[in-house]
Amino acid sequence: MIELEGVPELIDPVMVAAFEGWNDAGDAASTAVAHLEREWKGEVFAALDAEDYYDFQVNRPTVWMDAGVRKITWPTTRLSVVRVGGEKPRDLVLVRGIEPSMRWRSFCNELLGFAHELGVELVVILGALLGDTPHTRPVPISGTTSDADLAQRMDLEETKYEGPTGIVGVLQEACTHAGVPAVSLWAAVPHYVSQPPNPKATLALLNRLEDLIDVRIPLGELPEDARAWQVGVDQLAAEDTEVAEYVQTLEEARDTAELPEASGEAIAREFERYLRRRDGGPSDPGERTRPPRPPKPLGDSSDASDASDASESSDSSDPSDSSSDSDDEDSSED
C-alpha cells in the first residue's frame, strides 16, 4: 500500500498529468502542469524511484550547488497537490515528469495506485503534437477518451486510433482497464516552429482544461507571452519567402475547413469563457486540418522530422499519433 503521510483528505480530486518527450511538442503540456504548480503553489508529496523507470544515459541527472554543497537531481516523475478555492473548491493532483525509458506498465500502475489512494475521480493527461497548423490561428485542441459515456457527457471524441503510442496513450489505456475515467487533451503545435517554449499552445491547453474540470485557472503572464511568441514567429516567417507562402497555404486550408462550423459550439464555448473570465484571454477553438508539409522548418528540433512523419501517417481526426516510442511494445490505443 502507498503511504501518503501529510496529504489531507482531498475534495473532488482530479489528476492532471504531463510528460516531457514525444508527447510534449514545444514543451506545451509539461509547461501547462508547471504553470498550475507555480500559480497554486503545489506541494510535492511523492516522487517515483528514478532507478525503476529511467535510463540515465538517455535522461541524465544534473549537478547543482546548494550553499557550496554539490547535489544531484535525478530525472523522475513527481506528484504534487493543490487546492482550488472558490464557491466549489476542489483539489488537483499534479503529475509532472519525463516519459519513462522502461517498465511502462509498472509506471502506470504506480500512478494509478496513488490515484486510488487519493480518491481521484478523473485523470486528465495533457499532450502536444507536431501538426500542419498555422501559428497565426487559434491552437487546435482535441479531447479523446476510451469511455463512451464520458465522451458523450463531456463532448469528447471516443478514440479509435490504431498505431504507435507513447506514455500518454499507455496511461489512458491503463486507466480504462482500472475503471478510472480518463481524458487526453492534445494541442497541435506548428511543426515549422516546433522548438520550445510555445506559450500559445500551453495557454490553449489550460483553457480547455478549465472548461473540462470547471475551474478558473489563473493565467498570469501567459496571454502576453503567447502574443509575444506569435509576433516573434511572424517576424521570422516574414524573413523567409518559402515559409511565408506555406503559412498562407495553411491559413487558407484552415479557414476553409472551419467555415461551416464558425457559428456553433466553438463560439458558444468562447462566450461562456468570456463570461467567466471577463479579461478577453486568447481563445482556443479549432479543428484539425492536413495541408501539405512546408519546404523547411524555421527552427531546429531533434524530434521535428520524426514527429511530423508520424503526424502525416495518422488519421487526422485523432492527434495521438504524435505519441510514440520505438522501444515500447504495448499496442495500447491512445
Side-chain angles (χ1 to χ4, degrees), residues 1-20 23-24 29-54 59 61 66 71-100 103-127 145 147 150 167-168 170-185 202 205-206 209-210 212-218 220:
M1 178 176 292
I2 296 172
E3 299 292 336
L4 294 173
E5 296 181 3
V7 180
E9 185 175 350
L10 304 184
I11 302 172
D12 300 330
V14 173
M15 179 177 280
V16 182
F19 304 95
E20 298 173 19
N23 315 279
D24 194 25
S30 59
T31 301
V33 173
H35 177 86
L36 298 177
E37 286 182 326
R38 183 172 58 253
E39 291 295 323
W40 279 319
K41 298 178 174 57
E43 297 183 7
V44 175
F45 65 86
L48 305 191
D49 190 341
E51 293 278 352
D52 292 339
Y53 305 114
Y54 295 99
N59 297 293
D66 181 16
K71 295 187 177 181
I72 292 180
T73 299
W74 296 92
T76 187
T77 293
R78 295 178 173 82
L79 292 87
S80 60
V81 63
V82 299
R83 174 151 295 175
V84 183
E87 295 182 2
K88 296 180 179 179
R90 80 180 315 168
D91 294 310
L92 301 183
V93 178
L94 305 178
V95 179
R96 182 162 64 104
I98 305 168
E99 183 177 66
R103 303 183 68 220
W104 284 21
R105 284 173 289 189
S106 297
F107 179 87
C108 293
N109 287 338
E110 190 164 353
L111 290 180
L112 284 170
F114 281 106
H116 175 74
E117 292 297 321
L118 294 167
V120 167
E121 300 176 348
L122 173 69
V123 175
V124 182
I125 316 165
L126 306 183
T145 180
D147 186 315
L150 192 63
I167 194 60
V168 170
V170 173
L171 179 56
Q172 181 169 351
E173 186 68 8
C175 290
T176 300
H177 286 302
V180 179
V183 173
S184 296
L185 297 180
T202 295
L205 279 171
L206 291 175
L209 177 65
E210 185 178 67
L212 184 66
I213 63 177
D214 193 26
V215 299
R216 177 168 178 174
I217 298 173

Side chain proximity check, [X] to [Y], heavy atoms < 4.5 angstrom:
X: N23; Y: I125; answer: no
X: V16; Y: V33; answer: yes
X: F45; Y: L118; answer: yes
X: Y53; Y: N59; answer: no

message = Applying side chain to side chain contact (heavy atoms under 4.5 Å, CB included), can you list everything that pairs with V180, at least two apart in sequence or on another chain?
response = L112, V123, C175, A178
query = With sequence neighbours left out, what residues match E51 under side chain to side chain contact (heavy atoms under 4.5 Å, CB included)?
reply = D49, F56
Between [atom1] on residue [X] and [atom2] on residue [Y], distance to nearest 0.5 Å:
X: D12; Y: D214; atom1: CG; atom2: CG; answer: 11.0 Å
X: T31; Y: L205; atom1: OG1; atom2: CG; answer: 10.0 Å
X: T77; Y: D52; atom1: OG1; atom2: CG; answer: 11.5 Å
X: H177; Y: N109; atom1: NE2; atom2: CG; answer: 11.0 Å
X: R78; Y: I98; atom1: CZ; atom2: CD1; answer: 8.5 Å
X: H35; Y: T202; atom1: NE2; atom2: OG1; answer: 9.5 Å

ask   = D91: what forms a salt bridge (Lys or Arg N to Asp or Glu O under 4.0 Å) with it, not counting sequence neighbours?
value = R83
message = Going by the rule salt bridge (Lys or Arg N to Asp or Glu O under 4.0 Å), which residues pair with K71 if we only count those two or more places apart in sequence or in a different chain?
response = D66
message = Between L79 and F114, is the side chain to side chain contact (heavy atoms under 4.5 Å, CB included) condition met? List the steps.
response = CA-CA 9 Å; L79 292 87; F114 281 106; 3.9 Å; yes
Short side-chain to backbone donor-acceptor contact, [X] and [Y], under 3.5 Å:
X: D24; Y: A29; value: yes
X: S30; Y: A18; value: no
X: R90; Y: I213; value: yes

Restricting to non-hydrogen atoms, name the atom on [X] and the atom on [Y] that form the minimum distance, rounded to 0.1 Å.
X: L126; Y: A32; answer: CD1-CB, 3.8 Å
X: P181; Y: L150; answer: CB-CD2, 4.0 Å
X: V168; Y: S184; answer: CG1-OG, 3.6 Å
X: W104; Y: E99; answer: CH2-OE2, 3.7 Å
X: A174; Y: C108; answer: CB-CB, 3.9 Å
X: L36; Y: V82; answer: O-CG1, 4.5 Å

task = Determine which pairs satisfy salt bridge (Lys or Arg N to Asp or Glu O under 4.0 Å) with at least one residue from residues 30-40, sequence neighbours left out, and list them in order.
result = E37-R96
key: Stepwise side chain to side chain contact (heavy atoms under 4.5 Å, CB included) check, D147 with V183   = CA-CA 9 Å; D147 186 315; V183 173; over 6 Å; no
query = Excluding sequence neighbours, so at least two apart, what forms ring-ring contact (aromatic ring centres under 6.0 Å, His included) with Y54?
reply = none
Single hit among V120, V124, L171 for side-chain contact (heavy atoms from CB on, under 4.5 Å) with M15 = V120
query = Among V14, I11, V215, which one satisfies side-chain contact (heavy atoms from CB on, under 4.5 Å) with V84?
reply = V215
